[in-house]
Each structure stands twice: as C-alpha cells, then as structure tokens.
Peer 1: 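Mind having a look at this structure? Questions to follow.
Just so it is clear, the model here is predicted, and its values are computed rather than measured. Sequential numbering from 1 along the given sequence is applied to the chain's residues. For the numbers below, each heavy atom of this structure counts, side chains included, while hydrogens, waters and symmetry mates do not.
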Amino acid sequence: LAAAACLFLSSIEYLIPNEMLMTSTVENWSFSTRDVRLKVPVGIAYGSDVELAERLMLEAANATDRVHAEPPPSVWISHFGESAIEFEIQLWIDDPESGTGNIRSELLKRIWLLFKEHGVHLPYPQRDVHVKEWPEIRSGKS
C-alpha cells in the first residue's frame, strides 16, 4: 500500500500509516521468529502466601498447552495495588496465529483451580470509611 502498511494477525488487521513507519519505532514480533511473549496479569488478596501463589502460577503456566518450556515462564510481582498484590506471568508461544486469548483463558482457569485447592484468595475491592464526626441526630418531636 502506498499510504499505509498492513499487518494481518489472527484475522485482525492493523493499519500502520507510513509516517509512523518513518518517524516512530515499530515493534515487529514476527520478523525473524514466530516466538511471541505474552503477559498475563494476576492479582491475589493481601494476606495470601506470595511464594505459594508464585509457585502455583508457574505450575499452571508450565502445564498450559502451547507454552514454551524454553525460555521458561516467569512470574513477577508488578506492584501493590489498592486491593491486591499484582503479578505478571510472562510466557512464550510460537503460534500467535492460533490465538492468544485462548491461552490466557486456559492459564487463568488452571490458576483459579490451583488457588482454590491451596487456599490462595483472589482479591475483591475493599474500602475503609473513616467517619470523623457524626451529625447530630434530632428527633422528630417538637
């Protein structure tokens, strides 16, 4: 194309204007290899066993179809969120044309079952309300 380059991946078309090709860095995941790294975020509730959760996430990643053994999957704490300890699972595949959402789904299902079996809790939003002063309550009697 004269006006833009096209990239086809898993029935998704990305149009990249030529200006971006000339003036910006373009990240190409499939030029020299078909290997693609996926990042899957997972949060656990505060108070959960962090080391156990990491082991279970790695176990689930290693048992998931299409995930490379080399380089092996890894798990990193990414940050302490408002309601959860946030992790990122990083893994590699070599067939992105077969989809990535299905791998994420399979991995998250495995994690769900392993967490449930081992007592690692998923977070839910929590808020603490601090009342500094109660309003005076008036009775309706005169």
Side-chain angles (χ1 to χ4, degrees), residues 3-142:
C6 270
L7 170 67
F8 299 97
L9 180 63
S10 300
S11 301
I12 300 172
E13 298 176 21
Y14 296 92
L15 292 176
I16 305 169
N18 284 342
E19 178 182 347
M20 289 184 68
L21 293 172
M22 299 304 293
T23 61
S24 304
T25 301
V26 177
E27 186 173 327
N28 186 331
W29 287 9
S30 59
F31 182 69
S32 61
T33 178
R34 295 180 56 217
D35 293 345
V36 173
R37 182 176 68 173
L38 299 180
K39 298 177 181 181
V40 181
V42 175
I44 63 170
Y46 283 102
S48 295
D49 184 334
V50 170
E51 291 179 1
L52 173 61
E54 286 179 344
R55 284 194 307 271
L56 295 174
M57 285 184 266
L58 283 174
E59 180 182 329
N62 285 313
T64 301
D65 293 336
R66 298 176 44 213
V67 172
H68 284 215
E70 286 298 324
S74 60
V75 175
W76 300 86
I77 290 180
S78 60
H79 64 276
F80 298 115
E82 285 187 35
S83 301
I85 302 170
E86 302 288 343
F87 292 85
E88 181 177 86
I89 303 169
Q90 297 181 359
L91 52 93
W92 290 88
I93 63 169
D94 64 6
D95 57 350
E97 67 279 0
S98 296
T100 58
N102 50 0
I103 293 175
R104 284 187 174 92
S105 179
E106 182 182 343
L107 174 59
L108 291 172
K109 286 178 197 174
R110 289 177 187 277
I111 290 170
W112 173 266
L113 293 173
L114 287 169
F115 279 8
K116 189 175 176 182
E117 181 181 335
H118 291 89
V120 176
H121 300 286
L122 296 175
Y124 58 91
Q126 299 178 45
R127 297 286 186 254
D128 290 333
V129 176
H130 298 271
V131 178
K132 293 186 177 189
E133 186 176 313
W134 285 103
E136 184 178 318
I137 300 175
R138 298 181 186 173
S139 68
K141 299 178 186 176
S142 318

Peer 1: What do the steps show when you test Ile89 against Ile111 for side chain to side chain contact (heavy atoms under 4.5 Å, CB included), and what is the final call?
Peer 2: CA-CA 11 Å; Ile89 303 169; Ile111 290 170; 3.4 Å; yes
Peer 1: State, to 0.1 Å, how close Pro123 and Gly43 come at their nearest heavy-atom pair, and which atoms those are.
Peer 2: CD-O, 3.2 Å
Peer 1: Please answer whether the main-chain N or O of Ala45 pairs with a side-chain N or O of Tyr124 as donor and acceptor at a distance below 3.5 Å.
Peer 2: no
Peer 1: Verify, without hydrogens or angle tests, whether Thr23 (side chain) and Glu19 (backbone) share a donor-acceptor contact under 3.5 angstrom.
Peer 2: yes
Peer 1: What closest approach, in Å, do Leu91 and Pro73 show between heavy atoms, and which atom pair accounts for it?
Peer 2: CB-CB, 4.3 Å
Peer 1: Show the numbers, then the answer: is there a side chain to side chain contact (heavy atoms under 4.5 Å, CB included) between Arg55 and Val75?
Peer 2: CA-CA 9 Å; Arg55 284 194 307 271; Val75 175; over 6 Å; no
Peer 1: For Ile44 and Ala53, work out which heavy atoms get closest and say how close.
Peer 2: CD1-CB, 3.8 Å
Peer 1: Which heavy atom of Leu114 sits nearest a heavy atom of Leu56, and at what distance?
Peer 2: CD1-O, 3.5 Å
Peer 1: Any idea which heavy atoms bring Arg34 and Pro96 closest together, and the distance?
Peer 2: O-CD, 3.6 Å
Peer 1: Passes side chain to side chain contact (heavy atoms under 4.5 Å, CB included), His118 versus Asp49? Steps please.
Peer 2: CA-CA 10 Å; His118 291 89; Asp49 184 334; over 6 Å; no
Peer 1: Within a strict 4.5 Å, meaning less than it, do heavy atoms of the Ile85 and Phe80 side chains meet?
Peer 2: yes
Peer 1: Strictly below 4.0 Å, N to O, side chains only: are Arg110 and Glu106 in salt-bridge contact?
Peer 2: yes
Peer 1: Enter the distance from His68:NE2 to Asp95:CG here, rounded to the nearest 0.5 Å.
Peer 2: 7.0 Å
Peer 1: Nearest 0.5 Å please: distance from the CG atom of Asn62 over to the CG atom of Leu107.
Peer 2: 10.0 Å
Peer 1: If you look at every heavy atom in Met57 and Phe87, which pair is closest and at what distance?
Peer 2: CE-CG, 3.5 Å
Peer 1: Between the side chain of Ser48 and the main-chain N/O of Val120, is any donor-acceptor distance below 3.5 Å?
Peer 2: no
Peer 1: Can you list the steps and then say if Lys39 with Arg37 is a side chain to side chain contact (heavy atoms under 4.5 Å, CB included)?
Peer 2: CA-CA 7 Å; Lys39 298 177 181 181; Arg37 182 176 68 173; 3.1 Å; yes
Peer 1: When rounded to the nearest 0.5 angstrom, what is the spacing between CD in Glu86 and OG in Ser78?
Peer 2: 5.5 Å
